[in-house]
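Read through the structure below, which is laid out as structure tokens, and then see the notes.
For the numbers below, each heavy atom of this structure counts, side chains included, while hydrogens, waters and symmetry mates do not. In this text the structure is predicted, and so the values were computed from the model without any measurement.
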Amino acid sequence: ERERERERQNRSFQLMLFLVLLTQVTGHTTVWSRCVLLDSRLPAPLFFRDTKLGAALAAGERGSVYLTVNEFRHQGSPCDGVLDNELCDIYFAMCLMPDSSFDGLNCQSCFNQCTSPQFSPVFDNVDPVFQPRYTFTVPFTDPLPSPLAVRLDAWDKDIVLEDELVQWAVFRLAPEAGTPLLVSHNFSNAGFTFTVNVVCAEHFYGPSCATHCEPGPDEHVACSSTGARVCLPDGPGVNCTQADCSSAGVFLDDQGLLTLADCYRNATVRGLVGQLAALQSAVQAGDTALAQLSQATAQLQAATVEQATTNAQIAANVRLLSDQVCAAAAVPTHPPVDLPALFAQSWAYFELPAANASAPHVEPLSFLAVANLYDSNFDYDTASYIYRFEEGALLPFQTLSTQGAYDMQYFTLERSQLVNCSQPGLDGDEEAFLVVTQYATGNGWGTSNRRVDSLVLHYNRTTQQFEVFQTLETTGAKRATVFTMAHEPLFLAIASFLSSSFATTSHLYQWQGCGFALHQAFATSGAATMAHAELPSGGAVASYLIVTSFFQGGYTQDGTTLYRWNSTSRLFQPHQTFQATGVSDAVLFHVPVPDPSQSQPLLNATTHLLALAETHDGSLYTRNSSVYAWNDTHFELFQLLSTQGSTDLEFWQLPLQGGSFLASANKQNASLFSGASGSAHIDSEIFQWNGSGFVSFQRLPTHAVQGLRYFEHQYTSYLVVANTEANSTLYRWNGCQW
């Protein structure tokens with residue numbers, strides 16, 4: 001407990017230091033504000049940006065949301081030890097926010113200026129089932145957003161130790177004014193029952209209190225139950241036109257005038273003239289509106305340019321601040337974690353979607369899966385594994401029966417994309433799938449052993465397991481990529497590396513309602529990767545596919561090819577080839593350039609780059625890998641990176657500092673068949689983009705590494721290394737280094 005408290009205080013201090021330095025760098029003292037806690041019961045303070053919405057919500061002029069906790073159920077075991085009472089001393093915390101602003105565990109963008117969640121009183125010594133009937137009140141001035149995300153916590157108040165979180169949950173709701181909403185949900189150890197009521201203030205109507213209506217001053221105009229203005233039975237009144245519209249219940253427009261359909265329902269010459277006058281007035285109003293729209297558009301464009309400049313300056317300030325903090329103090333590093341794996345080739349991180357998008361939901365299930373090529377006896381018929389994140393630990397979740405598993409790619413499909421599917425377990429609004437490419441079976445030798453299907457797995461929520469959904473005919477398959485393009489169903493590309501020779505066929509599949517069907521075949525030579533990107537070309541955006549080549553009559557060759565999508569033939573066609581040596585991977589990405597006028601000619605404000613991992617030339621592993629820059633029509637060589645037997649490249653951008661990084665998995669530094677001791681136990685290298693090129697940033701010890709994978713879990717950045725001559729390694733970003 002003391003260690004946890006010390007870590008929490010250290011995080012809080014680092015955040016405070018971060019904000020102090022940020023105000024010094026930007027020259028502003030009100031850029032960020034602190035979410036002051038009303039109580040010390042939350043584990044750490046929150047920080048968020050000031051918003052006009054948050055400042056205005058305190059007035060509560062349009063309406064209020066009332067959330068009443070009717071009943072709370074918990075498992076009944078004592079909440080406290082010998083230092084406290086045995087029964088639970090329960091209090092509740094609630095935070096309400098637009099669902100589009102929900103960001104997980106924090107309560108940013110919530111109502112009441114997000115100073116903190118609202119707290120209920122403490123209910124002392126309550127039974128496992130009790131009915132507090134405590135009501136939280138949240139006023140609002142703008143129309144109520146829909147849907148809403150509601151976070152509800154139940155805490156046990158302790159006298160000596162820290163308060164304990166008994167249960168928390170996030171509910172996605174769409175309450176409407178005048179219609180009470182009852183919510184009841186049980187979890188494994190606890191459950192909530194609560195009601196949500198939305199009440200509009202006087203003169204506001206509608207499900208979200210969006211309609212404003214006030215009676216006319218002459219008492220001849222009233223408001224309907226929906227907020228529409230109507231004429232009363234005793235006449236049109238002063239606010240009505242002089243036309244013959246004396247009948248009751250005639251609807252008025254926002255200006256208090258009768259509509260043309262009512263005022264001129266008895267068409268006469270006078271009526272036609274009136275309609276013509278109204279139409280002329282509408283045309284004049286339309287011209288005025290167009291002029292105002294043009295002016296607003298110009299203002300918006302200017303504001304967009306200004307905001308982009310501001311964002312770039314803020315990003316530069318954050319990077320400068322990060323560099324200052326990292327240079328000023330030795331920031332503690334997190335020790336790497338060993339992940340047991342059998343000759344791992346790659347890792348994949350993914351989160352399962354909720355079964356029902358409109359149902360109450362809690363934190364999503366998070367997984368880390370590993371593809372194992374073979375075991376210690378070089379038997380390719382070995383298992384791969386899926387681990388589940390559980391309270392900060394990785395726990396075994398499922399063992400997959402695989403044959404030379406090489407790569408894993410995760411994707412989801414909405415229910416509307418599944419047509420004529422009768423497979424069991426397809427019962428959610430969004431379904432989860434995992435592609436597993438398989439390289440070989442048995443001892444891996446010969447074409448027959450490399451002719452092994454790759455797998456498409458589906459997560460069955462009933463069995464809570466990934467099950468085989470479809471098999472795809474592949475030979476010596478290596479990496480896969482899943483991508484989408486405008487006006488096209490989902491694509492899956494699988495690179496085939498080796499059959500009886502490097503000359504083989506790689507495949508592009510397309511989703512056809514209930515599975516993938518072959519869309520296009522590519523004659524390839526040792527293809528290890530197929531990667532997709534959208535690139536600007538001639539003022540438009542085009543889709544491209546890069547297919548790598550490892551060997552084509554020699555290791556140094558021009559087999560690596562960039563294909564461009566032809567929307568007429570609906571096929572990828574050759575666009576450019578690259579002179580490269582033993583290419584094992586390709587990655588397409590874009591990086592920011594702060595001042596293109598001061599940079600190399602190939603760089604612009606947003607530069608699109610292609611990096612090729614060159615492994616060896618048939619003799620030496622010491623090879624430079626190549627980086628190319630896009631010039632609107634094709635790629636040109638931009639930079640050479642010093643690598644050693646590079647087998648994989650991984651690009652990422654950190655969410656806070658905004659830094660761009662490119663890592664090379666360096667596998668060997670000796671000659672191809674030297675067998676030199678330790679030649680595979682070398683450092684892999686991370687390069688950082690400095691605005692005009694990549695520079696060395698950090699080296700990580702690796703052991704015959706095959707792959708690197710960056711991912712983010714619960715607002716923390718991780719890098720997992722797939723080693724083949726040692727356990728895989730999981731690194732965690734500490735703000736300065738891995």
Can a donor-acceptor pair be found, under 3.5 Å and without considering hydrogens, that links the side chain of [X] to the backbone of [Y]?
| X | Y | value |
| --- | --- | --- |
| Ser717 | Glu712 | no |
| Thr647 | Val705 | yes |
| Thr560 | Ser549 | yes |
| Ser384 | Thr402 | no |

Would you say the ring centers of Phe466 and Phe350 fall short of 6.0 Å from each other? yes
Within this structure, what is the CD-CG distance for the pair Gln520 and Leu545, rounded to the nearest 0.5 Å? 8.0 Å
Output for pair (Phe389 CZ, His713 NE2), nearest 0.5 Å, gives 5.0 Å
Check step by step if side chain to side chain donor-acceptor pair (under 3.5 Å) holds for Glu534 and Ser543. CA-CA 5 Å; Glu534 304 281 338; Ser543 292; 2.7 Å; yes
For a side chain to side chain donor-acceptor pair (under 3.5 Å) check, start with the C-alpha distance between Ser626 and Glu614, then their side-chain angles and the critical distance, and finish with the verdict. CA-CA 8 Å; Ser626 307; Glu614 301 186 38; 2.6 Å; yes
What residues, two or more places apart in sequence or in another chain, satisfy side chain to side chain donor-acceptor pair (under 3.5 Å) together with Asn566? Gln573
Could you work out, with side chain to side chain donor-acceptor pair (under 3.5 Å) as the rule, every residue matching Thr529, not counting sequence neighbours? Arg479, Asp585
For Glu685, salt bridge (Lys or Arg N to Asp or Glu O under 4.0 Å) partners two or more places apart: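 Salt bridge (Lys or Arg N to Asp or Glu O under 4.0 Å) list for Glu685, sorted by chain: Arg699.
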Of Phe572, Phe522, Tyr544, which meets ring-ring contact (aromatic ring centres under 6.0 Å, His included) against Tyr563?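 For Tyr563, the ring-ring contact (aromatic ring centres under 6.0 Å, His included) check succeeds only for Phe522.
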Full working for ring pair (Phe, Tyr, Trp, His ring centres under 6.0 Å) between His458 and Phe433: CA-CA 4 Å; His458 167 253; Phe433 297 86; 5.1 Å; yes
